[in-house]
Engineer: 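Dumping the structure here so I can ask a few things about it.
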Amino acid sequence: MAKELTPRSENYSQWYNDLVVKADLAEGSAVRGCMVIKPYGYAIWEKIQHELDRMFKETGHVNAYFPLFIPKSFLSKEADHVEGFAKECAVVTHYRLKTNPDGSGVVVDPDAKLEEELIVRPTSETIIWSTYKNWIHSYRDLPILCNQWANVVRWEMRTRLFLRTAEFLWQEGHTAHATREEAEKEAKKMLNVYADFAENFMAIPVIKGVKSANERFAGALETYCIEALMQDGKALQAGTSHFLGQNFAKAFDVTFLNKENKQELVWATSWGVSTRLMGALIMSHSDDDGLILPPNLAPYQVVIVPIYKNEEQLATIDATVAEITQALKAQGITFKYDNADNKRPGFKFADYELKGVPVRLAIGARDIENGTIEVFRRDTKEKETVSINGIENYVKELLADIQKNIFKKALDYRKSVTRNVDTYDEFKVEIEKGGLLLCHWDGTPETEEKIKEETKATIRCIPLEGDKTPGFCMVTGKPSKQRVVFARAY
RNA sequence: CGGGGUUUAGCGCAGUUGGUAGCGCGCUACGUUCGGGACGUAGAGGUCGCAAGUUCGAAUCUUGUAACCCCGACCA
């Protein structure tokens, strides 16, 4: 019983921290605020990358890579953008170390000061738009639809594994368009890609929406987002897509000649998701026994555990398992056969539950005799014994069912904690209970700010879909076009 | 950057009135086990965060300092 987690009911954030570490996803590092993503955690991230990358390619995007370092002067070109990121930038000032005169270790060589200091990218709009300036001359050069997979650094005060780290991995798409309409369409298109991915691969229901001015990306005209709800009733922004207008084109003087031979400023978007998705994944589905992974993202969908008393029995089981794994493979099912003899079956059961493997097959001498195998599904913890014959089809259907079931469970939970609230008094009571509150708001930053100060709740988004009935702001009584989503957030 | 806490073996912790360090887990070897987190036996493993000071003697007392964690303000 060495690996028990703190129960969620006792301390949700402790449960999260325990789980990340004990399921071997990630751990802290020697560098404050930075994490080591361990092989099992990274395998999940790789699956996320793989699927998203495929979706980006399908929507016409290509990958490229831009530098980690950004000249300090670039960052200051777009006023809102600087404002948003200046407070959390790591800065490179020197390019050389030398042996400490007193002989102890190394020190920064004061003679190696950089002419212009370099910022470690907190995001890449500036370096990319300074580059696009050279790529774009004519409407024939547009659109540019680039994505990059990269790391970025934002010097955060308080960090948590995956949810907020000083360095994190992400993808950032940066596109350039000839018209406003096309850029807006692109931003919305990518929002839909993210929503599709979240729901169909991560099994996390999300609300598509628009950010209020307060929550908007620094430098954007409009920020679209997908908002997810965690099990503890707090919301988490899972992805964003920005319509940047011509702000960066202005800042970096990126123009093109249109068909009428006139100079025009280029229209831009950017969009990204990060390793924060790992946090969303963990907090959406898992339970007190460990991780629950959607089959579509599990590093291996099935684990097979042999139960044997001696070498002879193991040899027989190995032979049967070889047939089973071949059949699984033919169905495109990923698996791990754990016949390591230094752990007992009970330990393996608990360990793979902790790691969230969707399906476990256990097979022993008794099963061999009966032509059966024990099937365990992680999401409901149901166990049954079925015939080995046709097991690959059984497992395939089971995996599909698990994928569907955990999405439904998350959706049902969200529905159960989403409600309309019409008065501010009621709001103050309800927000303490967590969940999503749909309320009327007068659309002003002042009102949002007041609510945030008094209740710690923010507008997560103005939903794009759903009820659009107008009403009156719960705080000021002024007219409101539609209900917006309030919640406390990560 | 405020408020609180921690720092002793890989991890989690104990260490009394100051006397030179221990427990659990893990680890190594061998054996018995193996259908829900096995057990026995024998081992390995520590500049007690760092630096001064008090003392015959400091994990323990004093001062300074650093790192980390939690709670707030800021953020994906």
Side-chain angles (χ1 to χ4, degrees), chain A residues 1-6 11 13-14 17-18 21-22 27-34 83-89 122-123 151-172 194 211 214-218 220 223 225-228 235-242 270-280 289-290 305-311 313-314 317 338-355 360-370 372-376 381 383 385 452-453 456 458 460 489-490:
Chain A
M1 294 289 192
K3 285 194 166 176
E4 274 192 357
L5 304 170
T6 303
N11 183 340
S13 58
Q14 191 58 49
N17 293 339
D18 285 358
V21 171
K22 289 181 177 167
E27 61 188 27
S29 72
V31 185
R32 178 195 164 82
C34 295
E83 175 79 16
F85 288 106
K87 290 171 298 219
E88 49 188 28
C89 285
T123 179
N151 59 339
V152 287
V153 169
R154 295 180 190 175
W155 213 264
E156 298 289 350
M157 289 299 182
R158 291 189 59 196
T159 58
R160 292 188 70 192
L161 294 174
F162 291 120
L163 293 175
R164 182 170 298 111
T165 46
E167 179 194 16
F168 57 93
L169 305 184
W170 77 347
Q171 60 68 217
E172 45 181 328
Y194 288 152
K211 285 291 187 190
N214 288 1
E215 301 279 324
R216 195 179 290 150
F217 175 75
T223 288
C225 64
I226 50 170
E227 288 286 325
L236 184 137
Q237 178 176 305
T240 52
S241 177
H242 314 292
S270 69
W271 28 273
V273 297
S274 71
T275 35
R276 191 178 222 207
L277 285 179
M278 295 285 292
D289 293 318
V305 177
I307 296 156
Y308 57 95
K309 295 195 198 309
N310 52 50
E311 287 296 316
Q313 283 188 357
L314 179 59
I317 294 168
D338 185 357
N339 61 355
D341 66 354
N342 56 353
K343 296 278 191 295
R344 300 167 86 248
F347 180 90
K348 292 177 185 174
F349 291 177
D351 200 45
Y352 290 113
E353 280 162 36
L354 182 61
K355 290 197 161 79
R360 179 184 72 228
L361 301 176
I363 180 163
R366 211 161 63 207
D367 293 302
I368 298 283
E369 218 170 281
N370 302 334
T372 58
I373 193 161
E374 184 188 89
V375 182
F376 171 90
K381 308 192 70 139
K383 211 165 15 180
T385 301
K452 187 179 174 184
E453 270 171 31
K456 291 177 187 149
T458 49
R460 300 321 303 153
Y490 276 96

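Below, chain A is the first sequence line, B the second, and so on; all start at residue 1. None of these values were measured; they are calculated from a predicted model.
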Engineer: Please work out if A238(A) contacts a base, only the sugar-phosphate, or nothing of the nucleic acid, heavy-atom cut-off 4.0 Å.
Structural biologist: nothing
Engineer: Any base atoms under 4.0 Å from E156(A), or only sugar-phosphate, or nothing? Heavy atoms, all strands.
Structural biologist: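 Base contact.
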Engineer: Please classify the nucleic acid contact of E353(A) as base, sugar-phosphate, or nothing, using heavy-atom distances under 4.0 Å.
Structural biologist: base
Engineer: List the atom of Y308(A), the atom of A340(A), and the distance in Å for their closest heavy-atom pair.
Structural biologist: OH-O, 4.1 Å
Engineer: Scan K381(A) against the nucleic acid and name what it touches under 4.0 Å (heavy atoms): base, sugar-phosphate only, or nothing.
Structural biologist: nothing
Engineer: In whole angstrom, give the distance that lies between atom NZ of K87(A) and atom P of A73(B).
Structural biologist: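 Result: 15 Å.
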Engineer: For D367(A), answer base if it contacts any base atom (sugar-phosphate contacts may also be present), sugar-phosphate if it contacts only those atoms, and nothing otherwise; contact means non-hydrogen atoms under 4.0 Å.
Structural biologist: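 Contact class for D367(A): base.
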Engineer: Touch check for Y352(A), heavy atoms < 4.0 angstrom, all strands: base, sugar-phosphate only, or nothing?
Structural biologist: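 No contact.
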Engineer: Taking atom P in both G12(B) and C68(B), compute the distance separating them and give it to the nearest angstrom.
Structural biologist: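 Between the two P atoms, the distance is 16 Å.
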Engineer: Looking only at side-chain atoms of A362(A), point me to the closest of C70(B), G35(B), G37(B).
Structural biologist: G35(B)
Engineer: For P306(A) and for F162(A), locate the closest nucleotide of RNA chain B by heavy-atom distance; then report the residue assigned to the nucleotide nearer the 5' terminus.
Structural biologist: P306(A)
Engineer: Tell which nucleotide pairs with C74(B), taking only Watson-Crick or G-U wobble pairs whose two distances are both under 3.5 angstrom.
Structural biologist: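 Pairing partner, where one exists within any strand: none, as none qualifies.
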Engineer: Tell me what L236(A) touches on the nucleic acid: a base, only sugar-phosphate, or nothing, going by heavy atoms under 4.0 Å.
Structural biologist: nothing
Engineer: Using purine N1 to pyrimidine N3 plus N6-O4 or O6-N4 for Watson-Crick, or N1-O2 and O6-N3 for G-U wobble, each under 3.5 Å, what pairs with C34(B)?
Structural biologist: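 Because no pair has both required distances under 3.5 Å, C34(B) counts as unpaired.
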Engineer: Would one find more than 12 heavy atoms of other residues, nucleotides or ligands at under 6.0 Å from atom NZ of K381(A)?
Structural biologist: yes
Engineer: What does T159(A) touch in the nucleic acid at a heavy-atom separation under 4.0 angstrom: a base, only the sugar-phosphate, or nothing?
Structural biologist: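 No contact at all - T159(A) keeps every heavy atom at 4.0 Å or more from the nucleic acid.
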Engineer: Roughly how far apart, to the nearest Å, are A58(B) and G53(B) at atom C1'?
Structural biologist: 11 Å
Engineer: Can you tell me the base-pairing partner of C11(B)? Count Watson-Crick or G-U wobble geometry only, both distances below 3.5 Å, and say none if there is no partner.
Structural biologist: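 C11(B) is paired, partner G24(B).
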Engineer: What's the gap between U28(B) and U17(B) when it is taken at their C1' atoms, as a whole Å value?
Structural biologist: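 The answer is 40 Å between these two C1' atoms.
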Engineer: Using the C1' atom as the reference point in each nucleotide, state the distance between G46(B) and U63(B) in Å, no decimals.
Structural biologist: 26 Å
Engineer: Is any side-chain nitrogen or oxygen of R344(A) closer than 4.0 Å to OP1 or OP2 of G35(B)?
Structural biologist: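 For G35(B), OP1 or OP2 has a side-chain N or O of R344(A) closer than 4.0 Å.
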Engineer: Taking C13(B) as the reference, what is the distance to U8(B) when you measure between their C1' atoms (whole Å, please)?
Structural biologist: 9 Å
Engineer: For A29(B), what is the paired nucleotide under Watson-Crick or G-U wobble rules, both distances under 3.5 Å?
Structural biologist: U41(B)
Engineer: Do the rings of H242(A) and F217(A) sit parallel, tilted or perpendicular, given the 30° and 60° boundaries?
Structural biologist: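 Answer is parallel, since the angle falls under 30°.
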Engineer: Determine the interatomic distance between C1' on C25(B) and the same-named atom on G64(B); round to the nearest Å.
Structural biologist: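 Between the two C1' atoms, the distance is 36 Å.
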Engineer: Looking at F349(A), I'd like to know if the NZ or CZ of R360(A) sits under 6.0 Å from its six-membered ring centre while staying within 45 degrees of the ring's axis.
Structural biologist: yes
Engineer: By nearest nucleotide on RNA chain B, pick out whichever of K348(A) and K456(A) is the more 5' one.
Structural biologist: K348(A)
Engineer: Would you kindly give the CZ-to-P distance between R164(A) and A73(B), to the nearest whole Å?
Structural biologist: 12 Å
Engineer: With sequence neighbours excluded, tell me which residues meet side chain to side chain donor-acceptor pair (under 3.5 Å) with Q14(A).
Structural biologist: D18(A)
Engineer: Select base, sugar-phosphate, or nothing to describe what R360(A) touches, counting heavy atoms under 4.0 Å on all strands.
Structural biologist: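 The residue R360(A) makes base contact.
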Engineer: What nucleic acid atoms does Y490(A) come within less than 4.0 Å of, heavy atoms only: base, sugar-phosphate, or nothing?
Structural biologist: nothing
Engineer: For Q237(A), what residues pass the side chain to side chain donor-acceptor pair (under 3.5 Å) criterion, not counting sequence neighbours?
Structural biologist: K211(A)
Engineer: State the pairing partner of G46(B); accept Watson-Crick or G-U wobble contacts with both distances under 3.5 Å, and report none otherwise.
Structural biologist: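 Base-paired to nothing in any strand shown.
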Engineer: Distance between the C1' atoms of U41(B) and G49(B), in whole angstroms?
Structural biologist: 37 Å
